[in-house]
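Encoded as structure tokens, the structure appears first; notes follow it.
Atoms within a ligand are numbered from 1 in the order they appear, just like the ligands themselves.
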Amino acid sequence: MSLAMTQVLTLLKEHHLLKTVTGTAPNEAFAAVTYDSRQVKPKTLFFCKGNFKPSYLTSAKKAGATAYVSETAYPEGTGLTAIIVSDVQKAMALLGAAFYDYPQNELFIVAFTGTKGKTTSAYFTHAILQHATNGKTGLFSTIDRVLGPRPGDRFKSHLTTPESLDLFRDMRTAVTNGMTHLVMEVSSQAYKKNRVYGLTFDVGIFLNISPDHVGPNEHPTFADYLHCKEQLLVNSRKCIINAETDHFQDVYYAAKTSTQPENVYLYGRQGSVKDIVVDVTFNNQEETLHESDFVVTGASEKGTALGMAGAYTLHLPGDYNESNAVSAAMAATLAGAKPAEIKQALVDVHVPGRMEMIDTPNHGTIYIDYAHNYASMKALLSFLRQQTDAGRVIVVVGSTGDKGVSRRKGFGQALSEEANVAILTTDDPGFEDPRKIAQEIDAHIDHDRVSVQYVMDRSQAIRTAIEMSRADDIVVLAGKGEDAYQKINGVDTPYATDVTVAKNVVKELS
Ligand SMILES: CC(=O)N[C@H]1[C@@H](OP(=O)(O)OP(=O)(O)OC[C@H]2O[C@@H](n3ccc(=O)[nH]c3=O)[C@H](O)[C@@H]2O)O[C@H](CO)[C@@H](O)[C@@H]1O[C@H](C)C(=O)N[C@@H](C)C(=O)N[C@H](CCC(=O)O)C(=O)O
Ligand SMILES: Nc1ncnc2c1ncn2[C@@H]1O[C@H](COP(=O)(O)OP(=O)(O)OP(=O)(O)O)[C@@H](O)[C@H]1O
């Protein structure tokens with residue numbers, strides 16, 4: 001991979017990003033691109049972005065960078081070519097795509113956005129397309145990135161949507177490894193920070209939106225959050241929209257600004273959307289705590305033409321997971337999958353930390369789930385409550401520190417509406433006091449309906465919940481999924497995972 005200076009300047013000029021350039025050498029070319037001084041090699045084009053310190057540029061220069069792209073010129077960069085731009089994140093995305101030689105042109109890309117269900121739906125779609133493409137589908141999810149067929153091609157993700165340079169690098173690796181398709185999650189932050197600037201997706205799916213991610217390090221307002229999410233549809237060739245989403249009209253309008261209506265597909269649960277003509281509907285046939293059977297119907301000419309009508313079984317409980325599965329099936333169909341491949345994948349699929357279930361001989365049934373805001377907690381608990389006749393719903397939950405402060409009120413509300421017992425505990429407290437966070441959740445709990453305990457050691461909280469449960473109770477371990485750490489004072493402190501802790505307790509008790 002390489003990039004010539006002439007190409008850099010042409011691209012930046014074409015996109016009206018170039019402000020000034022000083023010290024260009026004739027025929028200058030780059031052998032590497034990075035935004036991290038610790039990764040610099042000789043002939044690197046270095047990007048100064050975010051919470052950048054000028055000393056990083058000094059380090060980059062020492063390590064062999066020959067030019068830097070930045071919104072400000074730095075004295076520490078004297079001797080390097082200084083490419084000053086109006087938006088470094090956009091510049092980075094454009095130049096990253098060029099450096100890695102536009103890998104997106106060699107992949108069919110399906111991208112999901114939504115407040116809830118991105119990871120689950122991406123996993124479903126990936127599972128279907130793995131069948132359809134004979135193992136040639138990559139995955140960029142919050143949990144992990146899959147760039148090829150070997151175990152070494154799968155690694156943990158740091159961000160839901162990677163920085164643009166990492167994104168294009170990983171796409172290129174996926175192509176080199178023989179991948180023809182890619183399923184990815186696109187967070188609102190990805191658009192806010194221009195990580196996917198310039199990228200057009202083959203299919204973009206909008207799952208839902210609810211209040212979340214508004215705060216100092218994320219979005220200033222809900223309107224900004226919605227706007228960023230809508231950009232996925234503006235930048236997709238074909239769009240799929242959940243007609244049940246809040247702000248549907250805004251979202252549909254955004255899709256139609258750049259996509260012909262015949263390439264916009266709407267879906268919804270039968271009877272749940274009024275005044276909207278959907279293309280695909282689905283209807284539950286049977287739902288248990290283990291799986292659900294549902295039927296998909298083409299509700300318009302366009303929806304029928306997809307050819308995916310029929311009965312499906314999903315081996316993951318939760319009525320909202322049926323909706324996720326339908327979005328995945330539609331996206332996979334547009335990517336070339338057949339109903340038989342969809343059916344097989346939905347039976348086999350496993351999504352780590354989402355609705356994992358542990359049966360106990362004498363205590364309640366335990367669910368480990370990643371629910372970590374009002375919408376997901378409400379969806380999860382109301383589903384489980386409908387499934388249990390006599391038993392109690394016992395929930396172990398905390399809320400993250402330093403971000404998502406509104407989630408604390410949301411948890412209090414959802415617990416008041418659906419739970420019998422809340423064990424408040426620790427969940428990635430960051431630089432905050434976990435007990436204080438728990439008190440903020442507690443302030444919104446209706447104590448006439450819910451009995452509350454504070455057990456700040458998360459493993460101990462899980463033990464308390466399981467020990468107190470009776471056979472017909474449901475125990476929910478919420479918010480951490482399969483996270484194997486707790487973020488405490490800036491350090492990822494190892495944690496055994498909710499699943500492991502729960503399994504150990506169950507073993508001891510049986
Ligand atoms: C607000 C935001 O987008 N922050 C991201 C951003 O931070 P930043 O650019 O300020 O980077 P930084 O780590 O502070 O460092 C500044 C720069 O100095 C460089 N550096 C640093 C040290 C050094 O020795 N040398 C050096 O050159 C760094 O590489 C970086 O380029 O770039 C970093 C990677 O370069 C990300 O890790 C970081 O995400 C933070 C950790 C984060 O938590 N982001 C969240 C809000 C996020 O993006 N979440 C969404 C999901 C949200 C959802 O669920 O919808 C996501 O897509 O993951
Ligand atoms: N369609 C949905 N509607 C409401 N809640 C959902 C939906 N899908 C999943 N959930 C709930 O949200 C939790 C997180 O799901 P998932 O990881 O798939 O979403 P996500 O969009 O990737 O979330 P995040 O952005 O927080 O990583 C699940 O564990 C479940 O409790």
Side-chain angles (χ1 to χ4, degrees), residues 34-40 46-60 63 65 68 70 88-89 92 112-124 140-143 157-167 184-196 207-210 212-213 215-219 225 228-229 242 244-245 316-328 351-356 367-384 400 402-404 407 414 430 476 478-483 487 490:
T34 186
Y35 55 81
D36 187 344
S37 59
R38 293 160 294 191
Q39 309 289 327
V40 171
F46 182 65
F47 293 86
C48 310
K49 61 106 183 154
N51 293 316
F52 179 78
K53 294 197 182 103
S55 61
Y56 301 154
L57 190 52
T58 309
S59 310
Y68 70 99
S70 170
V88 68
Q89 295 277 162
M92 202 160 78
F112 284 90
T113 200
T115 305
K116 286 293 142 211
K118 295 183 294 298
T119 304
T120 308
S121 306
Y123 259 71
F124 290 169
F140 292 1
S141 82
T142 306
I143 301 176
S157 298
H158 164 61
L159 292 169
T160 297
T161 311
E163 277 294 352
S164 54
L165 293 187
D166 304 330
L167 179 79
M184 63 183 284
E185 296 180 44
V186 179
S187 64
S188 53
Q189 268 312 294
Y191 274 107
K192 184 82 188 153
K193 298 283 173 182
N194 287 306
R195 292 179 198 154
V196 290
L207 297 171
N208 49 55
I209 186 148
S210 56
D212 203 3
H213 296 296
N217 297 322
E218 297 183 88
H219 298 279
Y225 177 48
C228 288
K229 280 221 169 298
N242 179 2
E244 295 178 69
T245 184
L316 197 78
D319 43 7
Y320 48 85
N321 279 325
E322 285 181 357
S323 177
N324 293 335
V326 171
S327 76
V351 191
R354 273 72 177 168
M355 276 296 202
E356 305 246 18
Y367 287 88
I368 293 97
D369 190 81
Y370 197 55
H372 60 252
N373 71 353
Y374 172 79
S376 54
M377 185 67 109
K378 172 79 183 172
L380 170 70
L381 296 185
S382 61
F383 168 74
L384 292 175
T400 49
D402 310 328
K403 65 172 188 178
R407 291 177 184 168
V476 179
K480 281 205 83 57
E482 282 201 357
D483 285 356
K487 288 181 188 291

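Residues K118 and N324 have side chains not in contact (no heavy-atom distance under 4.5 Å, counting atoms from C-beta outward). Under the 4.5 Å side-chain criterion, counting only non-hydrogen atoms from C-beta, Y320 is not in contact with T120. In this structure, F383 and N321 have side chains that are not in contact, with every pair of non-hydrogen atoms separated by 4.5 Å or more. Side-chain atoms of E356 and Y367, non-hydrogen and from C-beta on, never get closer than 4.5 Å to each other. Contact of the L159 side chain with the R195 side chain is registered, since non-hydrogen atoms from C-beta on lie closer than 4.5 Å. Looking only at side-chain heavy atoms (C-beta outward), S141 and Y123 come within less than 4.5 Å of each other. With contacts defined as side-chain heavy-atom distances shorter than 4.5 Å, the pair M355/I368 does not qualify. The side-chain heavy atoms of T113 and E185, taken from C-beta on, include no pair separated by under 4.5 Å.
For atom 13 (O) of ligand 1, the nearest protein heavy atom lies 4.0 Å away or farther. Atom 29 (O) of ligand 1 lies below 4.0 Å from at least one non-hydrogen atom of the protein. Distance screen at 4.0 Å: atom 51 (C) of ligand 1 has a protein heavy-atom neighbour inside the cut-off.
Among D319, D369, L380, the residue whose heavy atom lies nearest to atom 30 (C) of ligand 2 is D369. Of all the listed residues (S376, A122, G481), S376 holds the heavy atom that lies closest to atom 12 (O) of ligand 2.
Protein heavy atom closest to atom 27 (O) of ligand 1, with residue, atom name and distance, is S37 N, 2.8 Å. For atom 23 (C) of ligand 1, the closest non-hydrogen atom of the protein is Y56 CE2, 3.3 Å. In terms of protein heavy-atom proximity, atom 22 (C) of ligand 1 is closest to R38 NH2, 3.1 Å. Closest protein heavy atom to atom 42 (C) of ligand 1: L159 CD2, 4.1 Å. Protein heavy atom closest to atom 55 (O) of ligand 1, with residue, atom name and distance, is H213 NE2, 3.3 Å. Among all non-hydrogen protein atoms, the one lying nearest atom 46 (C) of ligand 1 is Q189 CG, 3.8 Å. If you check which protein heavy atom lies closest to atom 57 (O) of ligand 1, you get S187 OG, 2.6 Å. Of the protein's heavy atoms, R195 NH2, 4.5 Å lies nearest to atom 4 (N) of ligand 1.
When non-hydrogen atoms are compared, ligand 1 lies under 4.0 Å from the backbone of K49 as well as from its side chain. At a 4.0 Å heavy-atom cut-off, ligand 1 touches Y35 through backbone and side chain alike. With a 4.0 Å heavy-atom cut-off, ligand 2 is reached by no atom of M377. With a 4.0 Å cut-off on non-hydrogen atoms, E185 touches ligand 2 through its side chain and not its backbone.
Residue contact check: N208 has heavy atoms under 4.0 Å from atoms 1 (N), 2 (C), 3 (N) of ligand 2. Taking every non-hydrogen atom of G50 and a distance limit under 4.0 Å, the qualifying atoms of ligand 1 come out as 8 (P), 9 (O), 10 (O). Counting atoms of ligand 1 from 1 in the listed order, those under 4.0 Å from a heavy atom of H158 are 37 (O). Interface of N324 with ligand 2, defined as ligand atoms under 4.0 Å from a residue heavy atom, comprises 1 (N), 7 (C), 8 (N), 9 (C). The contact set between ligand 2 and H372, taken as ligand atoms under 4.0 Å from a residue heavy atom, comprises 26 (O). Close approach of ligand 1 to E163 (heavy-atom distance below 4.0 Å) involves ligand atoms 6 (C), 32 (O), 34 (C), 35 (O). Near R354, meaning under 4.0 Å from one of its heavy atoms, ligand 2 places the atoms 16 (P), 17 (O), 29 (O). Residue T120 approaches ligand 2 through these ligand atoms, each under 4.0 Å from one of its heavy atoms: 15 (O), 16 (P), 18 (O).
In this structure, K192 does not count as a contact residue of ligand 1, since none of its heavy atoms falls inside 4.0 Å of the ligand. Not close to ligand 2: I143, with no non-hydrogen atom less than 4.0 angstrom away. Contact between E185 and ligand 1 is absent, with no heavy atom of the residue lying under 4.0 Å from the ligand.
Between the side chains of T161 and Y191, no donor-acceptor pair is found at a separation under 3.5 Å. Defined by atom type and a distance below 3.5 Å, a donor-acceptor pair is missing between the side-chain atoms of T400 and H372. If you check the side chains of Y35 and D166, you find a donor sitting under 3.5 Å from an acceptor. T142 and T160 share a side-chain donor-acceptor pair at under 3.5 Å. Inspection of the S376 and N373 side chains reveals an N or O donor paired with an N or O acceptor under 3.5 Å.
On a distance-only criterion, K229 and ligand 1 share no N/O pair closer than 3.5 Å. For a threshold of 3.5 Å applied to N or O pairs, the pair formed by G353 and ligand 2 contains no separation below that value. Between N321 and ligand 2, no N or O atom pair is found at a separation short of 3.5 Å. Between E218 and ligand 1, a contact under 3.5 Å exists for no N or O pair. Polar contact check, T160 against ligand 2: no nitrogen or oxygen pair lies under 3.5 Å apart. Polar contact with ligand 1: present for N51 (N/O pair, distance under 3.5 Å). Not a single N or O atom of S188, backbone or side chain, sits closer than 3.5 Å to an N or O atom of ligand 1. Residue S121 has no nitrogen or oxygen atom sitting less than 3.5 Å from a nitrogen or oxygen atom of ligand 2, judged on distance alone.
A salt bridge links K49 with E163: the distance from a Lys NZ or Arg NE/NH1/NH2 to an Asp or Glu carboxylate oxygen falls below 4.0 Å.
The closest donor-acceptor contact from the side chain of T245 to the backbone of I209 lies under 3.5 Å. Of the possible donor and acceptor atoms, one in the side chain of S59 sits under 3.5 Å from a partner among the backbone N and O of S55. No donor-acceptor pair closer than 3.5 Å links the side chain of S37 to the backbone N or O of L57. No side-chain donor-acceptor contact under 3.5 Å links S121 to the backbone of A328.
Annotation for K116: atom NZ counts as buried by contact number, over 12 foreign heavy atoms lying within 6.0 Å.
Atom CG of residue D36 and atom CZ of residue F52 lie 10.5 Å apart, to the nearest 0.5 angstrom.
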